[in-house]
Amino acid sequence: MASVKVAVRVRPLNKRERDMKAKVCIHMDGKKTTITNLAGEDKDFSYDFSYWSADSSDRHFSTQEQVFEDLGTDVLQAAFEGYNACIFAYGQTGAGKSYSMMGQQTAPGLIPRICQGLYSRMQASGDDKTEFRTEVSYLEIYNEKVGDLLRPAKGREKFNLKVREHPKEGPYVQDLTKHVVKDYDGIETLMEEGNTNRTVASTNMNDESSRSHAIFTILFTQAKFHTDMPSETVSKIHLVDLAGSERANSTGATGSRLKEGANINKSLVTLGTVISALAEASENAINRDAKKKLFIPYRNSVLTWLLKDSLGGNAKTIMIAAISPADVNYSETLSTLRYANRAKNIINKPTINEDPNV
Ligand code: ADP
Ligand code: MG
């Protein structure tokens, strides 16, 4: 059994916040994150990691590398041991989700670093009795519909893919392209292609990236021929950049904007419901209250359905809550800290996905 690991990361004040003369209302000390309201009252939260990335001159400053060392290496370890793994980034638009997950050319985030780590570990393994296979897919959920970010631009119809459920392998997206990649350069090319497809769409669709969820998936297979009985382990790694969490709260929007808002709400709100239900189920299990079997509404949204195995199921799961340091964002930030606090209580049961004699 393994608890969901939760990290909170605070970015620097941005120009808008500085122009507004916003004050920093977040403080961190070890694992503790403290938020202070206008009256000077503190609320404390404790997480597995509290990352201070607000001020690079601070000696406690957390770099992209540090975040990878703590969280990314965990995912690599899980993948090589044959477990599924998942990292999802939650938080208000502009709080630093994409920065942590994808990063920038000069400051790569978790996704490029995990991919790089995968290849360097394969090379370093020096194990000629294991064959590795790496496949990548990259999708986007917008308005509860799924689009393939890696389908060749020609004839690419966005957001028309269906989610189905395999009795043994679980939920999957029908017709989503899977790309076999031989080296890191191959993954990098796909990553860039997918990111471009996501950005191109956003200029057409009213800042789509704040409304859509992006899921980068690595399917990592190890075929082992150490004995007469070959065996195979398959690990699925989901790296998820969620829509802005403000979409889970009330909006004053009307008409088609309301529809978009309502649909985005559905995946994020369902994620919240699923997290609460899983946390409660985990508490019941600890108290040996197994009779109280809780229904977890995974299938109520596309996001939670696809991440079913990663949420309270067969996976090592990590949540990164990205927050702004500014007092002007106090209420969104507090709601993110509370959301992250609930996720801490989930206990997963990862098992190795081994298929002997294949
Ligand atoms: P989101 O994906 O949550 O909407 P972004 O990751 O795009 O937010 O971040 C918004 C802005 O803040 C970007 O310009 C990004 O470069 C910057 N930023 C976010 N996190 C950090 C960080 N830890 N250090 C430096 N800059 C950051
Ligand atoms: Mg983003």
Side-chain angles (χ1 to χ4, degrees), residues 6-20 22 24 26-28 33 47 49-72 87-113 138-142 147 149 191-192 194-203 205-216 239-249 260-261 264 267-268 271 303 318-326 328-329 332-333 335-337 339-340:
V6 180
V8 167
R9 187 179 195 188
V10 60
R11 63 151 167 78
L13 285 169
N14 63 26
K15 180 168 185 309
R16 194 179 139 264
E17 291 161 347
R18 277 184 274 118
D19 288 348
M20 291 167 82
V24 170
I26 298 294
H27 295 277
M28 288 177 172
T33 295
Y47 303 99
F49 300 95
S50 286
Y51 290 122
W52 182 258
S53 299
D55 175 5
S56 58
S57 65
D58 192 300
R59 69 189 175 89
H60 298 294
F61 181 75
S62 297
T63 58
Q64 295 281 65
E65 189 171 7
Q66 161 104 54
V67 173
F68 169 75
E69 285 302 322
D70 292 339
L71 309 179
I87 303 183
F88 62 98
Y90 181 91
Q92 158 181 34
T93 298
K97 297 181 296 296
S98 304
Y99 186 88
S100 284
M101 296 309 292
M102 202 50 88
Q104 300 162 344
Q105 203 76 42
T106 51
L110 282 164
I111 297 177
R113 284 173 199 267
Y138 197 8
L139 66 82
E140 190 173 31
I141 303 169
Y142 181 78
L149 288 169
M191 223 158 48
E192 281 165 10
N195 291 342
T196 307
N197 283 336
R198 200 175 179 208
T199 329
V200 166
S202 74
T203 53
M205 262 196 252
N206 195 4
D207 196 16
E208 181 187 302
S209 84
S210 78
R211 293 164 183 276
S212 73
H213 312 278
I215 308 183
F216 187 91
L239 303 167
V240 187
D241 188 351
L242 294 171
S245 55
E246 69 281 6
R247 308 288 174 195
N249 303 332
E260 282 180 20
I264 282 300
S267 268
L268 271 185
L271 182 64
L303 177 78
I318 298 168
M319 171 180 182
I320 301 179
I323 57 173
S324 149
V328 291
N329 288 316
E332 275 298 337
T333 300
S335 107
T336 298
L337 293 174
Y339 201 100

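The figures here come from the full heavy-atom set of this structure, side chains too, leaving out hydrogens, waters and symmetry mates. Whatever order the structure lists ligands and atoms in, that order sets their numbers, starting from 1. Throughout, residue positions are numbered sequentially from 1 according to the sequence presented. Note that the structure is a prediction, hence the values are computed from the model and not measured.
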Can you check side-chain contact (heavy atoms from CB on, under 4.5 Å) on Q104 and Q64, steps first, answer last? CA-CA 10 Å; Q104 300 162 344; Q64 295 281 65; over 6 Å; no
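- Judged by distance alone, the side chains of Y51 and D70 do bring a donor and an acceptor atom under 3.5 Å apart.
- Protein non-hydrogen atoms do reach within 4.0 Å of atom 21 (C) of ligand 1.
- For ligand 1, the polar-atom distance check against Y99 finds a nitrogen or oxygen pair separated by under 3.5 Å.
- Looking at Y339, its side chain never comes within 3.5 Å of a backbone N or O of G91 through a donor-acceptor pair.
- Of all the heavy atoms in T33 and S50, the pair that sits closest is OG1-OG, 2.7 Å.
- Using modelled atom types, no side-chain atom of K97 and backbone atom of F88 make a donor-acceptor pair closer than 3.5 Å.
- From the protein, the heavy atom lying nearest to atom 14 (O) of ligand 1 is Q104 NE2, 4.7 Å.
- When each atom of ligand 1 is checked for a heavy atom of S53 under 4.0 Å away, the hits are 23 (N).
- The Mg ion (ligand 2) has an N, O or S atom of S98 under 2.8 Å away, backbone or side chain.
- Remark: ligand 1 and T93 share no N or O pair separated by less than 3.5 Å (distance only, no angle test).
- Interatomic distance, I87 CD1 to D241 CG, rounded to the nearest 0.5 Å: 12.0 Å.
- Among residues at least two apart or in separate chains, salt bridge (charged side-chain N to carboxylate O under 4.0 Å, His left out) pairs with a member in residues 8-17 are R11-E17, K15-D19.
- The distance criterion of under 3.5 Å between nitrogen or oxygen atoms is not met by V10 with respect to ligand 1.
- Contacts of R9 with ligand 1, taken as heavy-atom pairs under 4.0 Å, involve the side chain alone.
- Residue-to-ligand polar distances keep R11 apart from ligand 1: every N/O pair is separated by 3.5 Å or more.
- Within the 4.0 angstrom cut-off, atom 17 (C) of ligand 1 has no protein heavy-atom neighbours.
- Close contacts between ligand 1 and Q92 involve ligand atoms 3 (O) [criterion: under 4.0 Å to a heavy atom].
- Within the structure, ligand 1 has A95 among the residues with a heavy atom less than 4.0 angstrom away.
- Of the protein's heavy atoms, P12 CD, 3.6 Å lies nearest to atom 25 (C) of ligand 1.
- The shortest contact between atom 7 (O) of ligand 1 and any protein heavy atom is with S98 CB, 4.2 Å.
- The heavy atom nearest to atom 11 (C) of ligand 1, considering only G94, A54, G244, G109, is found in G94.
- With hydrogens and angles left out, the side-chain atoms of T93 and E246 include a donor and acceptor closer than 3.5 Å.
- Annotation for E65: atom CD does not count as buried by contact number, only 12 or fewer foreign heavy atoms lying within 6.0 Å.
- Closest of all the heavy-atom pairs between T333 and S324 is OG1-O, 3.7 Å.
- The shortest contact between atom 8 (O) of ligand 1 and any protein heavy atom is with G96 N, 3.1 Å.
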